[in-house]
Asker: 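Below: one structure in structure tokens.
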Amino acid sequence: MWLDEMTQFWKSCGNRSSWESQYMNLLARLANHTTGLIDWNPYLPFIFSRIEQMFHLPVKFKKMGTGAKSIPMDDYSAARWIVATLGRSKEGESETQHYLSKLFGSIDSYFHPANIGRHCEILTGFMNKLTNLLVQRVSRERYKKPKWGYVTPKEYCLTDQDITTFVETLKP
């Protein structure tokens with residue numbers, strides 16, 4: 001499938017190219033319109049590392065800053081992809097929640113009042129998008145009548161446990 005080839009190409013372009021945002025949007029659309037049908041587990045470590053880089057978190061060592069200025073990746077697409085890949089897939093349990101928990105564990109200190117900066121707006125905006133998109137997904141899966149397009153099979157819908165784990169991850 002083209003997903004393997006494009007992801008390998010993305011991995012080989014380590015300079016955070018201008019098309020990265022569009023590719024993340026494509027992945028988000030793919031995941032959203034095929035919830036549960038694609039096994040995303042092999043791609044999770046790489047995509048989550050790119051999502052973490054998207055925040056442009058200040059990292060300093062011995063008063064020297066690290067990190068590169070580059071074209072930012074779209075945090076809406078990243079949040080949309082994460083929410084769409086939560087829960088079960090055709091191949092079994094998705095590890096997205098595990099990686100999301102690790103991501104928020106690694107950026108937890110950046111929410112501390114002593115670390116106020118430009119990144120706080122990006123992080124809180126990302127959390128806002130994640131929660132809004134999760135509410136939309138739950139509403140679509142549980143309450144809305146299917147009208148058109150892909151309908152998520154019941155076995156791939158989010159469970160109450162999935163939602164509780166997600167909320168626990170975002171809590172301080």
Side-chain angles (χ1 to χ4, degrees), residues 1-13 16-17 19-55 71-108 122-171:
M1 185 168 146
W2 62 267
L3 184 58
D4 290 330
E5 292 177 28
M6 280 300 295
T7 304
Q8 286 302 323
F9 182 68
W10 189 18
K11 286 179 181 179
S12 68
C13 296
R16 306 216 30 197
S17 57
W19 55 268
E20 187 172 38
S21 185
Q22 286 86 7
Y23 186 63
M24 191 67 221
N25 186 38
L26 179 67
L27 293 180
R29 289 181 59 203
L30 177 66
N32 197 44
H33 293 294
T34 60
T35 303
L37 298 181
I38 296 174
D39 180 21
W40 291 98
N41 289 342
Y43 309 103
L44 293 177
F46 175 71
I47 294 176
F48 268 95
S49 70
R50 288 293 173 110
I51 290 172
E52 188 171 16
Q53 292 170 8
M54 154 188 93
F55 298 130
I71 298 168
M73 189 164 59
D74 180 23
D75 61 344
Y76 176 79
S77 296
R80 187 176 177 198
W81 178 82
I82 289 171
V83 169
T85 59
L86 286 170
R88 295 188 51 78
S89 71
K90 196 164 72 170
E91 303 299 320
E93 198 66 34
S94 171
E95 295 179 16
T96 302
Q97 181 60 55
H98 172 72
Y99 279 93
L100 183 63
S101 298
K102 286 173 67 173
L103 173 69
F104 273 93
S106 69
I107 63 175
D108 186 47
I122 295 168
L123 292 173
T124 55
F126 180 68
M127 285 180 63
N128 184 31
K129 290 174 180 92
L130 273 175
T131 54
N132 286 339
L133 288 164
L134 185 82
V135 168
Q136 287 175 12
R137 179 174 172 189
V138 170
S139 175
R140 182 180 69 239
E141 290 177 352
R142 295 186 181 186
Y143 305 112
K144 286 191 177 178
K145 293 182 181 178
K147 294 181 182 176
W148 181 83
Y150 176 74
V151 177
T152 306
K154 291 289 182 201
E155 62 267 19
Y156 304 143
C157 291
L158 292 176
T159 64
D160 289 340
Q161 182 59 44
D162 292 331
I163 297 167
T164 301
T165 305
F166 177 86
V167 170
E168 291 295 324
T169 298
L170 296 185
K171 280 175 41 177

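All values below come from the heavy atoms of this structure, side chains included, with hydrogens, waters and symmetry mates left out. From a predicted model like this one, the values you see are computed outputs, not experimental measurements.
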Asker: Just how far is it from atom CG of Leu103 to atom CG of Leu44, taken to the nearest 0.5 Å?
Answerer: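 The CG atom of Leu103 sits 12.0 Å away from the CG atom of Leu44.
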Asker: Please report the interatomic distance CE(Met127) to CG(Leu123), rounded to the nearest 0.5 Å.
Answerer: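 Going from the CE atom of Met127 to the CG atom of Leu123 covers 9.0 Å.
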Asker: Quick one about Thr7 and Tyr23 (side-chain donor to acceptor, distance below 3.5 Å, no hydrogens or angles considered), yes or no?
Answerer: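 Yes - a donor-acceptor pair under 3.5 Å links their side chains.
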Asker: Answer yes or no: is there a donor N or O on one side and an acceptor on the other, between the side chain of Asn128 and the main chain of Gly125, under 3.5 Å?
Answerer: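 Absent.
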Asker: Check the pair Leu130, Phe126 against side chain to side chain contact (heavy atoms under 4.5 Å, CB included), reporting the backbone distance first and the verdict last.
Answerer: CA-CA 6 Å; Leu130 273 175; Phe126 180 68; 3.6 Å; yes
Asker: Please check if the number of heavy atoms outside Tyr150 that lie under 6.0 Å from its OH is greater than 12.
Answerer: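 Result for OH/Tyr150: enclosed.
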Asker: Let's go through Trp10 and Phe46 carefully: what are the C-alpha distance in whole Å and the side-chain angles of both, what is the deciding distance for side chain to side chain contact (heavy atoms under 4.5 Å, CB included) to 0.1 Å, and is it a yes or a no?
Answerer: CA-CA 10 Å; Trp10 189 18; Phe46 175 71; 3.4 Å; yes
Asker: Quick check with a 6.0 Å cut-off and a 45 degree axis cone: is Lys102 positioned over the face of Phe48's six-membered ring?
Answerer: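 Judged by the rule (NZ or CZ under 6.0 Å from the ring centre, within 45° of its axis), Lys102 is not positioned above Phe48.
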Asker: Given 3.5 Å as the limit, does a donor-acceptor pair link the side chain of Glu141 with the main chain of Thr152, or not?
Answerer: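 Checked: no pair found.
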Asker: Between Lys129 and Asp74, is the salt bridge (Lys or Arg N to Asp or Glu O under 4.0 Å) condition met? List the steps.
Answerer: CA-CA 11 Å; Lys129 290 174 180 92; Asp74 180 23; over 6 Å; no
Asker: Going from CD1 on Ile38 to NE2 on His33, what distance comes out if it is rounded to the nearest 0.5 angstrom?
Answerer: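 The distance works out to 11.5 Å.
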Asker: Just how far is it from atom CH2 of Trp40 to atom CG of Leu30, taken to the nearest 0.5 Å?
Answerer: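 Trp40 CH2 to Leu30 CG: 4.5 Å, rounded to 0.5 Å.
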Asker: For the atom pair CG (Leu27) and CG (Leu3), what is the distance rounded to the nearest 0.5 Å?
Answerer: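 It is 6.5 Å, given to the nearest 0.5 Å.
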Asker: Answer yes or no: is there a side-chain heavy-atom contact under 4.5 Å between Arg50 and Ile47?
Answerer: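 Contact flag for Arg50/Ile47 side chains = no.
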Asker: Which atom pair, heavy atoms only, marks the closest approach of Ser77 to Ala28?
Answerer: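 Taking every non-hydrogen atom into account, O-CB, 3.2 Å.
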Asker: Just by distance, do the side chain of Asp162 and the backbone of Gly87 share a donor-acceptor pair under 3.5 Å?
Answerer: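 Checked: no pair found.
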Asker: Should Met54 and Asp75 count as side-chain neighbours, where that means a heavy-atom distance under 4.5 Å?
Answerer: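 A side-chain contact exists here, since the closest heavy-atom pair is under 4.5 Å.
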Asker: Quick one, Val138 and Val135 - any side-chain contact, counting heavy atoms below 4.5 Å?
Answerer: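 No; the side chains remain at least 4.5 Å from each other.
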Asker: Kindly compute the distance separating CG (Leu26) from OG (Ser21), expressed to the nearest 0.5 Å.
Answerer: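 So the gap between those two atoms works out to 11.5 Å.
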Asker: With side chain to side chain contact (heavy atoms under 4.5 Å, CB included) as the test, would you mind laying out the steps for Arg80 and Arg29 before giving the verdict?
Answerer: CA-CA 8 Å; Arg80 187 176 177 198; Arg29 289 181 59 203; 3.4 Å; yes
Asker: Taking Thr165's backbone N and O only, do any of them form a donor-acceptor pair with Thr169's side chain (distance below 3.5 Å, no angle check)?
Answerer: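 At least one qualifying donor-acceptor pair exists.
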Asker: What is the minimum heavy-atom distance between Leu86 and Gln97, and which atoms define it?
Answerer: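 Here Leu86 and Gln97 meet closest at CD2-OE1, 3.6 Å.
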Asker: Shortest non-hydrogen contact from Thr35 to Tyr156?
Answerer: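 Heavy-atom minimum between the residues: O-CD1, 3.8 Å.
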Asker: Within the 4.5 Å heavy-atom criterion, are Phe166 and Thr131 side-chain neighbours or not?
Answerer: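 When only atoms from C-beta onward are counted, Thr131 and Phe166 do touch, with a gap below 4.5 Å.
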Asker: Should Val83 and Asn32 be marked as a side chain to side chain contact (heavy atoms under 4.5 Å, CB included) after you check the CA-CA gap, both sets of side-chain angles, and the distance that decides it?
Answerer: CA-CA 8 Å; Val83 169; Asn32 197 44; over 6 Å; no
Asker: Are the side chains of Ile107 and Glu52 in touch, meaning some heavy atoms are under 4.5 Å apart?
Answerer: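 Yes, side chains in contact.
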